[in-house]
Amino acid sequence: MLDARRRAVLDAIGIEMWRSRHPVSAAAMDEPSLHQVVESGHGASAGRAVAGPEPLADDRVRVADGRPSVSPPLDATENVAGLDWEALRATVASCTACALHATRAQAVFGVGNQDARLMVIGEAPGADEDRKGEPFVGRAGQLLNAMLAAIGYPRETVYIANIVKCRPPGNRDPHVEEAAACRVYLLRQIELIKPQLILCVGRISAHNLLGTEEPVGRLRGSVHRFDPGDIPVLVTYHPAYLLRQPQEKAKAWQDLQAAWRLLKSA
Ligand code: URA
Ligand code: SF4
């Protein structure tokens, strides 16, 4: 039987449809109902990063090997390796390495548990985040919080960061060169946290982290790998997308359960 808190959280996420079709078992947290094989076979590449043999165009960020094909400014790259949290935060706060610095209210560094087992990577700050200086504080953030709480990893237990730290004007997608410039900061955050699992939420996050252009619908359901660190990566839908397409919440819930299962065995 689900406890009241978890049931309330699931209701908040809005997965009643899923729940009624696939009742969560008594041992929900001991043995989550995972209706999808996570370590699914995409042929020989099962469990590996999806950045396949197909070369990406030169102007695309290529990141599966941990190196963007679009080089960030040298000064940023040189200065970031080895920075501790405080110095990294200060560097991001005053960063002018890409055009996004000009229109931001403030850089949004990242938030959460620096020893987190689970790291969530989103896309970019929106208006709310730009104003508050913290990732995922708007409506999408509330949904993300509920989803994380539902698998027993409430917001404060995980670390949340974005691909780019400054808000793209009008919430447009970050440009390739912006993501490339900002990548050193995300890499250092990952390096400092050493998470056991990375959850990419949304297309921009997955594409930039994994160096692929596959749609989220094809990336989810498999365990990818991030180097350096050989860190398992799962991909799911962005909570903002789920707010627009609530019928996809059931799949996101499956992805979250997969995350829970991976962390349990990590
Ligand atoms: N969407 C994101 O991807 N990141 C945020 O911080 C907020 C909304
Ligand atoms: Fe610097 Fe990243 Fe902000 Fe661009 S988005 S100015 S690289 S912190």
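One is the number of the first residue; the rest follow in order along the sequence. Ligands are counted one by one from 1 in listed order, and the atoms in each one are counted from 1 as well.
Checking each of Ile198, Leu186, Ile163 against Ser205 for a side-chain contact (heavy atoms from CB on, under 4.5 Å) leaves exactly one that passes, namely Ile163. A side-chain contact (heavy atoms from CB on, under 4.5 Å) with Pro125 is found for exactly one of Val108, Leu100, Asn171, namely Val108. The residue from Leu210, Asp255, Val223 that alone fulfils the side-chain contact (heavy atoms from CB on, under 4.5 Å) condition with Val235 is Leu210.
Looking at heavy atoms from C-beta onward, Tyr185 lies in side-chain contact with Cys95 at the 4.5 angstrom threshold. For the pair Val158/Leu148, a side-chain contact is recorded, criterion being any heavy-atom separation below 4.5 Å from C-beta on.
Residue Gly122 has at least one heavy-atom neighbour below 4.0 Å for each of these atoms of ligand 1: 3 (O). Of all atoms in ligand 2, listed by their number and element, those nearer than 4.0 Å to a heavy atom of Arg104 are 3 (Fe), 6 (S). For ligand 1, the atoms closer than 4.0 angstrom to any heavy atom of Pro135 are 6 (O).
Take a cut-off of 2.8 Å around atom 4 (Fe) of ligand 2: the protein N, O or S atoms inside it are Cys98 SG.
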Practice item. List the steps, then state whether side-chain hydrogen bond (donor to acceptor under 3.5 Å, both in side chains) holds for Tyr241 with Arg203. Key: CA-CA 10 Å; Tyr241 172 79; Arg203 171 179 59 92; over 6 Å; no

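Using a cutoff of 4.0 Å between basic side-chain nitrogens and carboxylate oxygens, Lys165 and Glu178 are not scored as salt-bridged. With salt bridges taken as basic N to acidic carboxylate O contacts below 4.0 Å, one links Arg155 and Glu134.
For atom 4 (N) of ligand 1, the nearest protein heavy atom (residue, atom name, distance) is Asn162 OD1, 2.8 Å.
A heavy-atom separation below 4.0 Å is found between Ala124 and ligand 1.
For atom 7 (C) of ligand 1, the nearest non-hydrogen atom from the set Glu134, Glu129, His238 comes from Glu129.
The aromatic rings of Phe109 and Tyr159 lie perpendicular to each other, with more than 60° between the two planes, well past the 30° mark.
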